[in-house]
Amino acid sequence: MIAEAGHYALVLALALALIQSIVPMLGARWGDPALMNVARSTALAQLLFVAASFAALVTLHVTSDFSVANVFENSNSQQPMIYKITGVWGNHEGSMLLWVLILALFGGLVAAFGNNLPLSLRANVLGVQAWIAGAFYLFILITSNPFLRIQNPPIDGRGLNPVLQDIGLAVHPPMLYLGYVGFSISFSFAIAALIEGRIDPAWARWVRPWTLMAWIFLTLGIAMGSYWAYYELGWGGWWFWDPVENASLMPWLAGTALLHSALVMEKRNALKVWTILLSILTFSLSLLGTFLVRSGVLTSVHAFANDPTRGVFILLILCVFIGGSLSLFAGRASSLKQGGLFAPISREGALVLNNLFLTTACATVFIGTLYPLALEVLTGDKISVGAPFFNLTFGPLFVPLMVAVPFGPMLAWKRGDLYGAAQRLMAAGVAALIAVAVAWAWARGGSALAPLAIGLAIFIVAGAVSDLVERIGLLNNPVAISLRRARGLPRSIWGTAFAHAGIGVALIGIVCETTWNSEFIGTMKPDDVIRLAGYELKLDGLSQQLGPNYRELVASFTVSSGGERLAAMTPSKRNFTARGASTTEAALLSRGVSQLYISLGDPTPDGAITVRIYHKPLVLLIWFGPVLMAWGGLLSLSDRRLRVGAPKPAKALRGGLQAAE
Amino acid sequence: MKRFLAVACFLAALGLAAAHAVLPDEVMADPAKELRARNLSRELRCMVCQNQSIDDSEAPLARDLRLLVRERIAAGDRDEEVIDFLVARYGEFVLLKPRFERQTLLLWLVPPLLLIGGGFAVWRRTRRLGTDESEAGNRPLTADEEARLSALMAGETAPEQPPSGRPAASRISAS
């Protein structure tokens, strides 16, 4: 009964989406407020019905109703409750339902909080949202219905894929989808603007918070996924240039570019056409990512769906939306006039440079990911494009971008002073040189370029700090005045500084982990002691243990340093009874932001076991950086200047409207 | 400039994923040769795996390939010879970094060409904008918007008053 109700709710949501995709847009065309207002109610009702449908699926999983195919295939009565719930989106059908739930959520948010938007713009935006939603409801209902019943219900389910039985599954996909799908809003805004043939800085101001929100979630989602892979896959790697990772990286790169170009558009009424194009491209890349992952066209560790009919359906959605939006863009773009002149050396110029490098980096990932596929389809030849290719091409693109990062906020709008900016970055430059010297003196082995990269990272962090220091006048004023100025500083300035510093922090982690990582690979018997990076690790013993739905082999290590006992580490290998699969559960010990990492190999017949022990210096900075970036985004988002229509900042609002004249 | 170039090369020289599946019995006695073997392993694909190098993979085939690489190195092959040997045996598919050939021309050339082309377009655009002084004209405001604008301007004198009749604020911020 619950399954049928969930199914029915989804059908109703489709019906609502169809209404929403036509009526409000006609209303906008005819200038009929009643028709335009339909969008608001349908968007909210859609959210209600999709949420009901999703709740139905969650209920089925929680109550282990194995008469439903989706539950049978992905759940098991022995499974802990948390994995029964996360298992809802740990499979193709369920994750698509989560996808449309988040899409409906964003639509509902625009409907509920978009009162400050012009009525016709809101109607058009929600109309476009409904096109996307409708296409995906159809996709789920036709090819991936999660509510299908089984004729003869089995007694127990097959259980969730063991690799996915982790808290990471509770956080990573929802975060990632909030990011992916969040970009649909900027897409809909772009299409609505093209339909209305009207775009101005106010538009950029409306779009930016949504883009920023999506970007924050995507940043956290990617970082979270990377950390999950790091501890779960047991190789200690954290970025594999896997096609599925690339699928999430592409919208992130394009979205980052979009954030920056929307800034230029909002402040200076320039880069309009480009910003619209980026909005379209960013969400197109999200759709592409969905296609790559969901169709199973790229076989990779994440692809757990393998059915060509689905692939063709999503490909169709992809072609219609990308092709359609780009045609509309091509037809209308020329009527959007460019405004806002600026000199090459200016804040705008710096942001253009940012966009140039980010989009090229994005294109590089794009071509590297799809090239083998295209080549195989066209010529039948199989080639591989993997990490070495991306490191070689992506790295050199990012280095100049990172060198330029501290200069951006230092340059004035319209016409900047590069020499002046360089002077103000003198302190940061000196800090960078000291960092290079220290790293050089301290480093033993590893790439000779690593100290230079550390210097670059310090330059970015110090550059962000010196921008703040200068803005609050810390060096010229008493501390009390500086503090007051710091409080008065717009949140978006703080946001910029945190986000930019985050890049530097992540870079430090990346360089240290890859260059000065030490490892031990060998077999150990109980009571063997290994010395690694100043730590002694003693294998105390091996034991078999029973978990809720698995058996595991646990190795107990005692970690000590200089004779002082620090902690115990217990890596394990789990065997899952329901699927007969096994996972490696690495043990991690954080010392500051460095980590010891132990993962188990196979036991040998003579009672020993293969172990891999790594010391990863400053590795946590790799993920701390993105968290800082997301925090910066959050600060920017809370900047009152972004809350359009709020009664207080009348000045800001007037500025926006004046620029629109 | 020199420093910049050096930095530019840096990430290239770095294997980003430092993951390892090498088993103790595979490790070569000579650390220099082992390092060569490890570096080569990172560029070779485990063909039965999904996007894993033979350095990462625990599959039996990856182990065989790792041993093969070490065998060739022990036999005195240079790095290129090892690669050639493996390509002759398993095809281009084994290389995670495709060679620069007719087939992979686009793959290698698109990123630099895009950067150069994009840079050129930006340069031309700024030059043209520099000579074209006419500010772009937007569509004039509609009567409704004019009214709203003047309401806003009026509202500025009494800032606490929501200018339009609509419910006051949007709270898009951090929700």
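Numbers restart at 1 for each chain; the letters A, B, ... are given by sequence-line order, proteins then strands. Only this structure's heavy atoms are used, side chains among them; waters, hydrogens and symmetry mates stay out.
Residue contact with chain B, scored on non-hydrogen atoms closer than 4.5 Å, involves the side chain of A:Val352 exclusively. In this structure, the portions of A:Ile367 lying under 4.5 Å from any heavy atom of chain B include both its backbone and its side chain. Heavy atoms of A:Ile216 lying under 4.5 Å from chain B are absent altogether.
Looking at A:Arg198 and A:Asp200, a side-chain N of the basic residue comes within less than 4.0 Å of a carboxylate O on the acidic one, giving a salt bridge. Salt bridge B:Arg72/B:Asp79: absent, no basic N to carboxylate O contact under 4.0 Å.
The residue among A:Asn355, A:Asp381, A:Thr379 with the most heavy atom pairs within less than 4.5 Å of chain B is A:Asp381.
A donor-acceptor contact shorter than 3.5 Å is absent between the side chain of A:Tyr597 and the backbone of A:Glu519. Side chain of B:Ser57 to main chain of B:Ser53: no donor-acceptor pair is present (N/O by atom type, distance under 3.5 Å, no hydrogens or angles).
The side-chain tip of A:Lys382 points at the ring of B:Phe93 from less than 6.0 angstrom away and within 45° of straight on.
Proximity to chain A at a heavy-atom threshold of 4.5 Å picks out B:Gln103, B:Thr104, B:Leu105, B:Leu106, B:Leu107, B:Trp108, B:Val110, B:Pro111 from residues 102-112 of chain B, in numerical order.
Applying the side-chain contact (heavy atoms from CB on, under 4.5 Å) test to B:Glu81 and every residue at least two apart in sequence or in another chain returns B:Asp77, B:Arg78.
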Inset, instruction - Quick one: do A:Arg491 and A:Ser638 satisfy side-chain hydrogen bond (donor to acceptor under 3.5 Å, both in side chains)? Show the steps, please. - result: CA-CA 7 Å; A:Arg491 294 252 183 97; A:Ser638 69; 2.7 Å; yes
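Ring geometry for A:Trp241 against A:Phe394 counts as perpendicular: the plane angle is over 60°, on a 0 to 90° scale with 30° as the lower cut.
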